[in-house]
Amino acid sequence: MLTRIIPATKEALPVIGLGTYRGFDVTLNAPGEERLSNVLDTLFAAGGTLLDSSPMYGRAEEVVGALLTRQPRAASPFLATKVWTSGREAGVRQIEQSFRLLRSDVIDLIQVHNLQDWQTHLQTLRGLKEAGRIRYIGITHYTRSGYAEVERVLNTTPVDFLQINYPVEEREAEKRLLPLAEDKGVAVLCNRPFGGGDLLRRLKAKPLPDWAAEVGATSWAQLALKFVLGHRAITCAIPGTGNPASMIDNTKAASGSVLTPKQRAELIETV
């Protein structure tokens, strides 16, 4: 799988990861465990590593931790989660719970979810990073109403990662946030690359453009991901799924070519 560099350390990160919102918020039973294990196996087999979760996602952290423990894999996952509460002590409790649920002594990345009490939590996260318990710290947001605050944080506070939405139909982040992240040396995770699923539902009845084969794409999902990866500031896209077939489809976006400016413009026009 194609990789891109995390600016803070020059570590290579595979460009397709997995978001666990909804798809992993389940009660594990035999069929569900097999299905979600297949999702993880598919990601790892394709060369992906990043698993993104949050306390906001119900049982997702617990399910990810259980699956990784029950079926050890050759791949070393890049574990990312978030802190989503207010107050220092509440944040510390939530972070410690994430360590327990993910069943890991080290979490690669913890992000302040939607900037909630970000000044407080970033201070806590810096301490954990200095202690070697986490490797990277970051911030997230998913609505344009929060972008001004995201910009302020990037301009005033050192962070390693920004997680932001950037589907082809919602490109507000490319005006200021993506160039700023690149300028500040901040890696960028793209959440909701399919716009929450509405984008693919609208496109599924349309034929793929004639040039899709030229970039190695066989589905609209792959084209949508290739659009995201076509911006040089994006380090990794994290489409969410609990479906092994969708995971297979998504990982294929990491091969072949990214879109040319002309192809990007045509895809924008199509959606």
Side-chain angles (χ1 to χ4, degrees), residues 3-17 19 21 50 52-56 78-88 91 94-95 98 107-130 133-193 195-196 225 227-239 264:
T3 62
R4 289 188 176 163
I5 297 300
I6 300 170
T9 60
K10 309 308 178 187
E11 176 184 358
L13 186 67
V15 297
I16 297 293
Y21 179 56
L50 195 149
D52 181 75
S53 194
S54 171
M56 182 187 180
F78 186 106
L79 293 176
T81 192
K82 307 175 184 78
V83 55
W84 184 61
T85 187
S86 295
R88 182 184 180 279
Q94 192 174 79
I95 290 167
S98 291
I107 294 176
D108 296 283
L109 167 64
I110 299 183
Q111 306 147 95
V112 181
H113 202 159
N114 295 342
L115 293 180
Q116 185 167 348
D117 200 5
W118 62 269
Q119 297 98 328
T120 299
H121 298 318
L122 284 181
Q123 184 176 1
T124 298
L125 295 178
R126 288 190 196 99
L128 291 170
K129 184 179 178 182
E130 291 172 1
R133 298 189 65 198
I134 62 176
R135 301 175 59 227
Y136 299 102
I137 63 175
I139 59 173
T140 83
H141 220 289
Y142 76 104
T143 62
R144 283 174 286 184
S145 63
Y147 285 4
E149 185 74 353
V150 170
E151 184 176 358
R152 184 166 79 88
V153 176
L154 292 179
N155 273 317
T156 61
T157 309
V159 294
D160 304 311
F161 275 82
L162 166 67
Q163 183 177 145
I164 204 76
N165 51 310
Y166 181 54
V168 61
E169 61 184 342
E170 189 180 340
R171 303 181 307 281
E172 185 72 19
E174 72 184 10
K175 295 179 181 179
R176 299 175 69 89
L177 295 185
L178 296 184
L180 180 58
E182 187 174 18
D183 181 62
K184 296 292 185 179
V186 175
V188 180
L189 304 182
C190 173
N191 60 32
R192 303 181 71 213
L225 289 168
F227 175 87
V228 169
L229 297 174
H231 198 294
R232 64 185 188 181
I234 299 294
T235 310
C236 177
I238 49 172
R264 284 172 63 85

* **Passing option when Gln163 is tested against Val188, Leu189, Leu109, Asn114 for side chain to side chain contact (heavy atoms under 4.5 Å, CB included)** => Leu189

* Min side-chain heavy-atom separation Val159-Gln111 under 4.5 Å -> no

* **Single hit among Lys129, Lys184, Arg135 for salt bridge (charged side-chain N to carboxylate O under 4.0 Å, His left out) with Asp160** => Lys129

* Tyr136 atom OH, over 12 foreign heavy atoms within 6.0 Å -> yes

* Can you check whether Leu128 reaches Ile137 side chain to side chain, under 4.5 Å on heavy atoms? -> no

* To do: Verify the neighbour count for atom OH of Tyr142: are there more than 12 heavy atoms of other residues, nucleotides or ligands below 6.0 Å?
  => no

* Asked: Would a 4.5 Å heavy-atom cut-off, applied to side chains only, mark Val150 and Leu115 as touching?
  -> yes

* Audit row: Trp118, Thr157, side-chain contact (heavy atoms from CB on, under 4.5 Å) steps and yes/no -> CA-CA 10 Å; Trp118 62 269; Thr157 309; 3.5 Å; yes

* Asked: Is the CD atom of Glu149 crowded by more than 12 outside heavy atoms at less than 6.0 Å?
  -> yes

* Could you check if a side-chain atom of Gln123 sits within less than 4.5 angstrom of a side-chain atom of Arg88, using non-hydrogen atoms only? => no

* Asked: Is Tyr147 close to Ile164 at the side-chain level, that is, under 4.5 Å between some pair of heavy atoms?
  -> yes

* Asked: Roughly how far, to the nearest 0.5 Å, is CG of Leu229 from CD1 of Ile16?
  -> 5.0 Å

* Would you give the length of the straight line joining atom CG of Leu154 to atom CZ of Arg176, rounded to the nearest 0.5 angstrom? => 11.5 Å

* To do: Output yes when Lys82 and Asp52 qualify as a salt bridge under the 4.0 Å nitrogen-oxygen rule, no when they do not.
  => yes

* **Non-hydrogen side-chain atoms of Pro55 and Thr81 separated by less than 4.5 Å** => yes

* With rounding to the nearest 0.5 Å, note down the distance linking CZ in Arg171 to NE2 in His231. => 11.0 Å

* To do: Any chance you could measure His121, atom NE2, to Gln116, atom CD, to the nearest 0.5 Å?
  => 6.0 Å

* Asked: If you measure from CD on Glu182 to OG1 on Thr235, what distance do you get to the nearest 0.5 Å?
  -> 9.5 Å

* Using the test salt bridge (charged side-chain N to carboxylate O under 4.0 Å, His left out), find all partners of Arg126 that sit at least two apart in sequence or belong to another chain. => none

